[in-house]
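Take a look at the structure below.
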Amino acid sequence: MKLWSQYFIPTLKESPADAEIASHKLLVRAGLVRKLGGGLYTYLPLGLRVMQKLTQICREEIERGGGIEVSMPHMHPAENWRQGPRWAAAREIMFRADSAGDGKRGPKEPEWVLGPTHEEVITPLVRAEITSYRDLPKNFFQIGTKFRNEIRPRYGLMRAREFVMMDAYSFDVDDERAIKSYFAMKAAYEAFFRRVGAQAIAVEADTGVMGGSFSHEFMVPAEIGDDDVIYNEASGYAANREKATSALVPPDLVDAAPAGAVEEFATPGVVTIAALEAAPYAVPADKQFKTLVYVGDGKPFAVILRGCDELEEAKLGALGFGVFRAATPDEIEPVMGAKPGSLGTVKGTIKNAAGLAGVFADHAIRLIGNGTTGANKDGFHLRNVNVTRDLAITKFGDFRRVRPGEPDPKSGQPLQVRRGIEVGHIFKLGTKYSEKYSATFTDDQKQQHLMVMGCYGIGIGRTLQAVIEQSHDADGIVWPWNVAPFHVLICVLDPQLPEAMNLAKKLAMAAEQGGADVLIDDRAERPGVKFKDADLIGIPLRLTIGGKGLKEGIVELKWRVQKDVAKVPLAEADARVTAAVAEARAKAS
RNA sequence: CGGGGUGUAGCUUAGCCUGGUAGAGCGCCUGGUUUGGGACCAGGAGGUCGCAGGUUCGAAUCCUGUCGCCCCGACCA
């Protein structure tokens, strides 16, 4: 039981100037957090209590899913990362943690980094400690602070530089068991989000810099989300935009017959899809081959799409380059023979074909038939271009961005889009890390094998904010029971009356007996202030004790989610409170 | 990192264009009247106008630089 007057809940009437979205405003107004700097937040008592509840529920569910809790350092020797598979890509988001020193030490390579996740720590640990198949599987997890140098922290806790995350790492003897571990974690995530009152859906996702073979993201649908979820309600298909695909190209597609030989024609000044669509050329965008040049691990490569399609850059990750980026015009010309706008991949037209790491074609270009593409000669294009006959293609793949309305790959129904907040992510990693760190075990045939890994993350702070985003009204937060900082708020309107405070404490004890956390508002404030604050901080159950009610012989009982107030005779108050708490707990479990 | 915006009291802000005593509301302190949905009256404290330089008789205001913060883009839990 806490007394408001002796606690610390600094609520605000006005929204802070730097908050844009509802949940961010409420985080600050309800006294949950205060900002230190961009993406850095102090958790005030109320915010901390919610974090602790989220953490405990997370711990329980991950343990139920097979997790074993550990705690790894936040600061890592950079050497661990240099040995790992993603130093080049990951160092971008890492903070160095050098000695503050006196400035006389001279510049050095970073000696330590602040951990953005912990594959680079757990894998060497497991390598050293686990060598036998008898000790597998193992799944280690921790709940703690992560550091990422986000280019743009945003929306309060939504994208922070320092944030609390549950991260877990599974080690298995083979792929099949690893998939089992993966789905055990998926089930644990579903249980976690259900218990904390967040409606999160699992969607297929890109593996990104983590690497690995497949993954799911857990998304909380919200307008302010950073990610697009592509889905079809009926078929159950749901994927992150970066991963989403569609059944645009029928599996039984037969390539159109060539209409004639490839033919060059002059297109002075035409360097865009739109310009080629216009008169006098009049080539529809879906009959154009669009050629983009990227640089992967230092070497250029080409990507071909239909003119009407957009590249989904994240899908290039499937090509296996450590890092990649769009090539600059200066890098393109020496290889292709022309500037962007006149590029193509017709055999024999590429100036230095050997200089390319490959030509990767999106499946959808097969829909083009006799199309048009750049001649690798500024001011010229080629027509009657056919995919199989004419183009130099290393490999086909899915590189285009899907559009709403396209057929869903599961059922052929039209796809839809909605925004979501990514609150969790699970990856089946495979052996990417175990290989680098030689994390092997001996099987019962005395054979050495690489451990098969998975890794898993839940953004605890982000989940907190997602819950608020999903559960609030015009007056404030509406906490789900299981994560509410307190379950019961007893508003004592006349705290100077001893009988009022005595009753409050008696009811508080009854509620606590029933397993509720209780806050008593004993401040010498006017009732209006107390009610406004009560709604703002969103405690699920409110009891009101006033001098007026006491004369009538009643206390009031009100749920945050409901409008109506129940007047409870004093004689029944204990029992009613106990019953209400029991009912809420039962509903929430 | 590219584009846009912004920085004035603990918080929300006016003033800046057109240079001349820095103003309000909330909050805070004192006293009084109030007391069931953010009370009222009286009094009071609190600001080197982000920082540095420049122009000027004079700069919150104009100029340059710099730092912080916010938003849009690429990235992530």
Side-chain angles (χ1 to χ4, degrees), chain A residues 10-21 24-25 28-29 34-40 54 58 89-90 92-94 116-117 143-168 189 200 205-210 215 217-220 224-227 240 242 312-314 317 323 325-326 420-427 455-466 475-476 491-497 524-536 542 544-552 556 558 563 565:
Chain A
T11 58
L12 299 172
K13 278 193 200 175
E14 285 171 298
S15 292
D18 56 13
E20 283 270 310
I21 63 167
H24 185 190
K25 290 176 181 169
V28 180
R29 284 192 56 212
R34 287 294 183 264
K35 183 168 72 177
L36 173 64
L40 301 172
L54 286 162
C58 187
E92 291 294 313
I93 61 153
M94 288 197 280
T117 89
I143 302 173
T145 305
K146 297 284 178 278
F147 301 86
R148 292 188 192 172
N149 193 4
E150 289 292 336
I151 301 163
R152 186 155 86 85
R154 209 152 74 109
Y155 293 158
L157 301 180
M158 206 62 96
R159 197 188 319 174
R161 290 201 166 99
E162 184 184 317
F163 58 97
V164 176
M165 180 166 117
M166 184 295 298
D167 49 321
Y189 273 44
D206 184 64
T207 53
V209 74
M210 284 292 176
S215 87
E217 277 173 358
F218 283 75
M219 307 285 270
V220 170
I224 53 96
D226 272 347
D227 296 271
N240 186 298
E242 295 175 353
E312 185 62 58
E313 217 171 80
V323 286
R325 57 169 173 84
I421 302 164
E422 183 188 347
V423 286
H425 206 154
I426 55 180
F427 300 85
C455 72
Y456 316 89
I458 291 177
I460 302 291
R462 193 179 272 186
T463 300
L464 183 160
Q465 193 168 343
D475 296 315
C491 275
V492 184
L493 301 185
D494 302 285
Q496 75 285 0
L497 299 177
E525 290 286 352
R526 294 164 59 85
V529 173
K530 295 192 174 204
F531 292 141
K532 286 288 184 189
D533 273 346
D535 288 345
L536 180 60
R542 188 181 87 195
T544 306
I545 298 173
K548 213 175 76 181
L550 287 178
K551 273 185 199 144
E552 269 181 68
E556 290 163 24
K558 180 187 175 298
K563 263 202 165 137
V565 174

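Note on naming: letters A, B, ... go to the chains in the order of the sequence lines (proteins, then strands), and numbering restarts at 1 for each one. Basis for what follows: all heavy atoms, side chains included, without hydrogens, waters or symmetry-related copies.
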Using a cut-off of 4.0 Å on non-hydrogen atoms, how would the nucleic acid contact of A/Pro16 be classed: base, sugar-phosphate, or nothing? sugar-phosphate

Atom CD1 of A/Ile421 and atom P of B/A77 are separated, to the nearest Å, by 15 Å

Considering every strand and a 4.0 Å limit on heavy-atom distances, what is the contact class for A/Ile458: base, sugar-phosphate, or nothing? nothing

Could you tell me whether A/Val529 contacts a base, only the sugar-phosphate backbone, or nothing, with contacts defined as non-hydrogen atoms closer than 4.0 Å? base

Side chain of A/Arg159 only, please: which of B/C71, B/A77, B/C1 is the nearest? B/A77

Nearest whole Å is fine: how far is B/C71 C1' from A/Ile224 CD1? 14 Å

Going by 5.5 Å between centroids and 30° between planes, is there a stack of A/Phe531 over B/G36? no

Sugar-phosphate, base or nothing in reach of A/Ser15, heavy atoms under 4.0 Å: sugar-phosphate

The side chain of A/His425 lies closest to which of these nucleotides: B/C69, B/C70, B/A77? B/A77

Below the 4.0 Å mark, does B/C72 have OP1 or OP2 next to a side-chain nitrogen or oxygen of A/Arg152? yes

Relative to the ring of A/Phe218, is the ring of A/Tyr189 parallel (under 30°), tilted (30 to 60°) or perpendicular (over 60°)? tilted

Considering only atom C1', compute the distance from B/G4 to B/C11 and round it to an integer number of Å. 26 Å

With no hydrogens and no angle check, just 3.5 Å: does a side-chain donor-acceptor pair link A/Asp167 and A/Thr117? no

Residue pair A/Met219 / A/Glu422: nearest heavy atoms and the distance that separates them: SD-CA, 3.7 Å

Are A/Tyr155 and B/C76 close enough that a side-chain N or O sits under 4.0 Å from OP1 or OP2? no

Presence of donor-acceptor pair under 3.5 Å, side chain of A/Arg29 and base of B/G27: no

Between the side-chain atoms of A/Glu525 and the base atoms of B/G38, is any donor-acceptor pair under 3.5 Å? no

At less than 4.0 Å, is any side-chain N or O atom of A/Lys13 found next to OP1 or OP2 of B/G27? Yes or no. yes

Determine the Euclidean distance between corresponding C1' atoms of B/G10 and B/G47; express it in Å to zero decimal places. 12 Å

Hunt down the Watson-Crick or G-U wobble partner of B/G37, both distances under 3.5 Å, from any strand shown, or write none. none

Return whichever of A/Glu313 or A/Gly37 has its heavy-atom-nearest nucleotide of RNA chain B closer to the 5' end. A/Gly37

To the nearest Å, how far apart are A/Asp494 CG and B/U34 P? 15 Å

Would you mind reading off the distance between A/Leu497 atom CG and B/G36 atom C1', rounded to a whole angstrom? 14 Å

B/U35 OP1/OP2 closer than 4.0 Å to side-chain N/O of A/Lys548: no

Of the nucleotides B/C75, B/U12, B/G36, which one has an atom closest to the side chain of A/Ala17? B/U12

Separation of atom NZ in A/Lys558 from atom P in B/G37, rounded to whole Å: 14 Å

